[in-house]
Each structure stands twice: as structure tokens, then as C-alpha cells.
*Asks:* 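Just dropping this structure here.
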Amino acid sequence: MCGIIGYTGASQALPILVHGIHTLSYRGYDSAGVSIFRDGALIVRKDKGRIGDLAPTWSRIELAGTCGIGHTRWATHGEPSQKNAHPQVDASEGVALVHNGILENDIALREGLEAEGVVFASDTDTEVFAHLFSRNFDGDPIAAARVLLEKCHGHFALAIQHHLMPDTLIAVRRGSPLLVGLGVGENLVASDVLALVGRAYHTIEMADEQIAVVTPESATVYDKHGNEVEVERKPLDASELTVGKEGFPHYMLKEIHEQPERLYELITARMDLQHDHVRLDDLGLDDDAWRSIERVDLIGCGTAHYACFYGAYVLEALAGIPTRALQAHEYDARLPVIDDKTLVIAVSQSGETADTKVAVDLAVSQGARTIGVLNVRESFIGRAVDGVLDIHAGREVGVASTKAYTSMLTALLLLTLRAAEARGRGDEIVGRLGRAMRGIPQAIRQVMLSSELIGEVAREIHRANNMLFLGRGADATTALEGALKMKEISYIHAEGYAAGEMKHGPIALVSWEVPTVAIATAGPWRDRMIGNMREIRAREGLVIAVAADDDDDAPKVADFVLPVPTVDPWIAPIVNVVPLQLLAYETAKRRGCDIDQPRNLAKTVTVQ
Ligand code: F6R
């Protein structure tokens, strides 16, 4: 949830660290800091706030130096504040350290250190590492780092500086990603390859339980026993990684607009329309394996969990496999009955979500087959599952997920068609839906044409404090996701419901101050949705319908209609969510919110 950057070379470290922190800010951004070696000491500057506000207050002269570490934080242990920001230092301020992840036995270690007389200056678990490293350093950084690996439980990535090693960075990894970037006469460490672009030409991806010692001329990696290990140096192709806004004012808007292209590529890569066949052989599930599955558990969090809801509708209805969508963080609490006839599908954009990883570990330990529906194949979850279906959304930078969601839905539908095919239900379904899927990119492009109208609706609702989102069938999922997008980036309290639930309670909320978004596109649920809209209007509620562009009734029961083209009802949720993404975006814009980095949120939630 945090970001690490470290630099050692001949250039001034400060601008490189600040640039790296900027790049990593999508991971968390409630405080930031740097430490730079200068004149025999480590100079630390850090505070609560965003790097864009903090960096101009840091003196270039005080922080002149060519070796340093930087960090952007999303608070877990201790509130965002100056004292809790990273780098953390030991009592003598001879060690500075930045940390991603969680130290699980921090209380015991902290009490042990306090008993030895250490006085802690922060509320963070990170400070424990700094004291431990300092107390075990006798000139050998590898020995001190090995103590951290021995004594500390949990998962962590660390970058460390010691004032007696002016041009050296020490990196330690267990669980959380960490890379070494190799440049010319300079080297770096970072928690994400993005932060290395522009300076490094090769990267070394550290494995768990490894220690790296990095100087301007060398990078040597050791295992937890202190033995040097062979590492692969991969070329860094910046063109594949650099993500700009490409003229859009926000990443979120750019990513919404990328959806047609992304989905086109995913569908054409996986659908063989000539033979009505879905190409998913790389998942390692042949027809027999699909036939032997007795239940599917779809697990994910947040937006990914809503994608799981959709997956459960289609897998059960179209492929005939009993399926449930579960929140990954509740999975172990259910003591789920799992065996080798259970397929557990982990859905995750980042592939690094700790809650989802823990649920996957449980499934693996109980003998389930596992698949990851992921945007990052080479990730924590990607390495834990039996097979990965890459959703191919491209890097998503906006904290509120958009293109990853529609790609997850599309991937889950492809998976469903493959399962239907293997289980003898595919004849009609694969051809019909496969062909219909080819129309998704164009349908989404058509929705984009309503951007101006969506802007007008946003103007109407942007002062609301509460909203409702309703849908039925697989579009109940769209209602949940629409509400989540609205609350995440506009901070309007929004609830999503399957519309049948209204009369059982939520209708009490309807009033002229509470706009309701109702998804009522063509399909089996359309008439009942029209009924829901009538009931809301009868109670003076403002209704915004997402309806087919040729629906004559919708304008009679709604104050605004966001038109969408008619597609197969099983595919509709992939299209219907797009006007809701745009509505959330336009509303947040009018409320002056920080769209790409909403308050309190982090792009990747690597703690439970
Ligand atoms: C919402 C959002 C989050 C994530 C959730 C899971 O816009 O992005 O709800 O969906 O934190 O993240 P991943 O998909 O990375 O596992």
C-alpha cells in the first residue's frame, strides 16, 4: 500500500527520489519522506501530506547528496503524521529505513526492545526494523539484514541506509515486491518497476527471503543464510510501462475511454469465432477437469468482489455450475467446505491484495483447484494459483477501478463459455454470446457519446448527500459497482441494491433529496425495473434511468435517461456500468474532488 524508492549514483538523489515518490503515489499518499546521506549523516525530511506539497518545502541544499531512500505511505500502524511518516530512524539516527507491508510480531519485538532501553519515537511497526537493524549492525549489512529476516514475522519490503556506508542501499524482501534497478554508474531499488523507468536499463526482481546490497557500481543479492545467489537481470522496456494521461485531465477518464480497445483485444485473443470455441487452454483445465468441478467459489474484494457477483450469475446460469461470490476477507471466517472438486477463482486487478491472497492460500491448503483472474500475472496471487487468466486491462493508475472491472466481467464471461463448452452446454451459448461479445467495444463507444448529457445529470445531482443505485439480475451487480464508484470519488454516500429489495426496507430512504439511478435495460427484468422507478417517482424521488436508447417508457418514468445500446442481457452489465463510471467522474469533478487519488484509499491493499 506504500511505495519505496532508493537511489545511489553520481547524480543528486533528491529529484530522483521525489520523482519516484510521485510515480508511486497511486499506492498510497497520506505522507511521504526522504533520507539522504550528507557529510557523514543521514538527513531525513518527511511529513504528512502529498509529495507535491511537501517536496517544495525541502531544501535542496540541506538535502544535497547522491545516495538516499524515499517513501510514500498509506497509514496502517499509526495515523498519518510527521513522526509516523517514513523513513523511520533508530535512536542514534545512524539508520534510516522505509518499509512496505506489515510486521506481524511488532508488539512483542517492540516490548523486547523497550525492555532493553529503546525509546520509540513513532507508532509505526517500521521503527522496530530500524532499531533492530542498528543494534545488530557491526559493519556487515548482510548479517544485520539476516537478523530482520529471522526475527520479524509478516511480509515486508525494506530499503535501508546506514551512515557508515555512504553510498550503499540495503534491500530486504519477504512477501512485498521489491526490485533492484541497474543503471549506468548508478543503481536503484523500488517497490514497483514504474519508479525505475528513465534511469534503470535492467532490473532484478528480488525473491522472498533475499537481501540485496546495492552501490553505484554493483548489486549483489544474498539468500537468508547470507550466501550470494545468481539472479536474472531482465531488460527494462520503458515503452511497455510508461503510463501518461494522454491528454485526458485524469487517469480515471483515460481509463474509462480505454475500455473498448482493451475489451476488443481480450475478446479477440480468446474467442475463436470460426469454430465457436473459447481459447483458454493455458489455464490447465481440460474438459474432464471442468466436468469434475462441483462448485465454484469466486473470491475478491471491493470492485473485484462485484465482478465475482457477476461471475456467479453467469457461471451458474450458463455453465450450470453451482457458484457463489464471496468477499475474500470473509472466506476463512466461513470455514468453507473445500475439496479437489472445488474451483476457487481469485479475482484481482493488482494480484497483490492481501485479503485475496490469504483466501487463495486457504483454498490451496485444502486441495482446491485455483485460478486467478488477474491484471498482473507476475504477482503475489499469480504465483500462488494453478492458472492465470490475464484480464489484459493494461496498467490501471486511477485509484477507482474502471477498465479492470469491465475486463474482469468479460474474462469471467469467457471462462463461463469455456466451462459451458466443456460441460456440454456450449453449442448454442458459445456461438450466440461469443458473437454478441464482439459488439461490446462498439456499444461502449456509443455510451461515451452521451458524455455531455451525463455531465448535465451530474450538475443536477452533485450537491446530493445520498444516492441509491438499483438493478436486477446480473445488473444488481452494476448497481453495487455504480454506488461504489460514486462514493469512492465523489464522497456522496451511495447504496447499491438489487431492486427487489426496495420494498423490504430501503424505499424508506426515497425522498426528493436522494437521487436514484435505476438500471432498466432491455431484458427479463426491464418491466420490473420500470415498476421500481414508478414507485420512486410516486414518492417524489429523482430518477436517473440507464435504459435502452429506443425505450419509449423510460423517459415517462425517469427524470433523466442515460441511453445505452441494446445488447444481450448477459452482456449488458459490461456496457451498463460505463455511464455510471462517467456519472461518478462528472459528479466528483463538479464537487472538486481529487479524482485519481481519493481520500483514504490506496490502489493496492497489501494489508489485511
Ligand atoms: C474500487 C477498487 C477496490 C479494489 C479492491 C480489490 O474502485 O479499486 O475496491 O477493487 O481493493 O483490489 P484488487 O482488484 O487489486 O484485488
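Here the structure is a predicted model, which is why all the values come from computation and not from measurement. Both counts, for ligands and for their atoms, begin at 1 and track the order of listing.
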*Asks:* Ion pair present between Asp281 and Arg270, side-chain N to carboxylate O less than 4.0 angstrom?
*Replies:* no

*Asks:* Answer yes or no: does atom NZ of Lys487 have more than 12 heavy-atom neighbours from other residues, nucleotides or ligands under 6.0 Å?
*Replies:* yes

*Asks:* Can you list the ligand 1 atoms lying under 4.0 Å from a non-hydrogen atom of Gly302?
*Replies:*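 Selected atoms, number and element: 9 (O).
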
*Asks:* Which residues pass the salt bridge (Lys or Arg N to Asp or Glu O under 4.0 Å) test with Glu330, not counting sequence neighbours?
*Replies:* none

*Asks:* Could you identify the single nearest non-hydrogen protein atom to atom 11 (O) of ligand 1 and state the distance to 0.1 Å?
*Replies:* Val605 CG2, 4.1 Å

*Asks:* Which residue supplies the protein heavy atom nearest to atom 5 (C) of ligand 1, what is that atom called, and how far is it?
*Replies:*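 Of every protein heavy atom, Cys301 O, 3.4 Å lies nearest to atom 5 (C) of ligand 1.
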
*Asks:* Taking 4.0 angstrom as the limit and counting only heavy atoms of Gln349, give me the atoms of ligand 1 inside it, by number and element.
*Replies:* 13 (P), 14 (O), 15 (O), 16 (O)

*Asks:* Counting only nitrogen or oxygen atoms and a 3.5 angstrom limit, does Thr303 reach ligand 1?
*Replies:* yes

*Asks:* Think Arg591 forms a cation-pi with Tyr491, using NZ or CZ under 6.0 Å from the six-ring centre and within 45 degrees of its axis?
*Replies:*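 Judged by the rule (NZ or CZ under 6.0 Å from the ring centre, within 45° of its axis), Arg591 is not positioned above Tyr491.
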
*Asks:* Output yes when Arg369 and Asp386 qualify as a salt bridge under the 4.0 Å nitrogen-oxygen rule, no when they do not.
*Replies:* no

*Asks:* Quick test: of every protein heavy atom, which one is nearest to atom 15 (O) of ligand 1, and how far off is it to 0.1 Å?
*Replies:* Ser350 OG, 2.7 Å

*Asks:* Check ring-ring contact (aromatic ring centres under 6.0 Å, His included) between Phe380 and all other residues, then give those that pass, not counting sequence neighbours.
*Replies:* none

*Asks:* Going by the atom numbers of ligand 1, which of them fall below 4.0 Å from some non-hydrogen atom of Ala400?
*Replies:* 7 (O)

*Asks:* Within ligand 1, which atoms have a heavy atom of Glu488 less than 4.0 Å away?
*Replies:* 1 (C), 2 (C), 7 (O)

*Asks:* By number and element, which atoms of ligand 1 are closer than 4.0 Å to a non-hydrogen atom of Lys485?
*Replies:* 1 (C), 7 (O)

*Asks:* Please confirm whether Val399 approaches ligand 1 to less than 4.0 Å, judged on its heavy atoms.
*Replies:* yes

*Asks:* With heavy-atom distances below 4.0 Å as the criterion, list the atoms of ligand 1 near Ala304.
*Replies:*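 Counting from 1, the qualifying ligand atoms are 10 (O), 14 (O).
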
*Asks:* Can Asp355 and Lys357 be counted as an ion pair, charged N to O under 4.0 angstrom?
*Replies:* no

*Asks:* If the threshold is 4.0 Å, N to carboxylate O, is there a salt bridge linking Arg50 and Asp594?
*Replies:* yes

*Asks:* State which residue, out of Leu343, Ile293, Leu413, Thr323, fulfils the side-chain contact (heavy atoms from CB on, under 4.5 Å) condition with Leu315.
*Replies:*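 Testing Leu315 for a side-chain contact (heavy atoms from CB on, under 4.5 Å) against Leu343, Ile293, Leu413, Thr323 leaves exactly one candidate, Thr323.
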
*Asks:* Taking only heavy atoms of Ser401, which atoms of ligand 1 are found under 4.0 Å from at least one of them?
*Replies:*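 Once the distances to Ser401 are compared, the set is 7 (O), 8 (O).
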
*Asks:* Where is the nearest protein heavy atom to atom 13 (P) of ligand 1: which residue, which atom, and how far?
*Replies:* Thr353 OG1, 3.2 Å

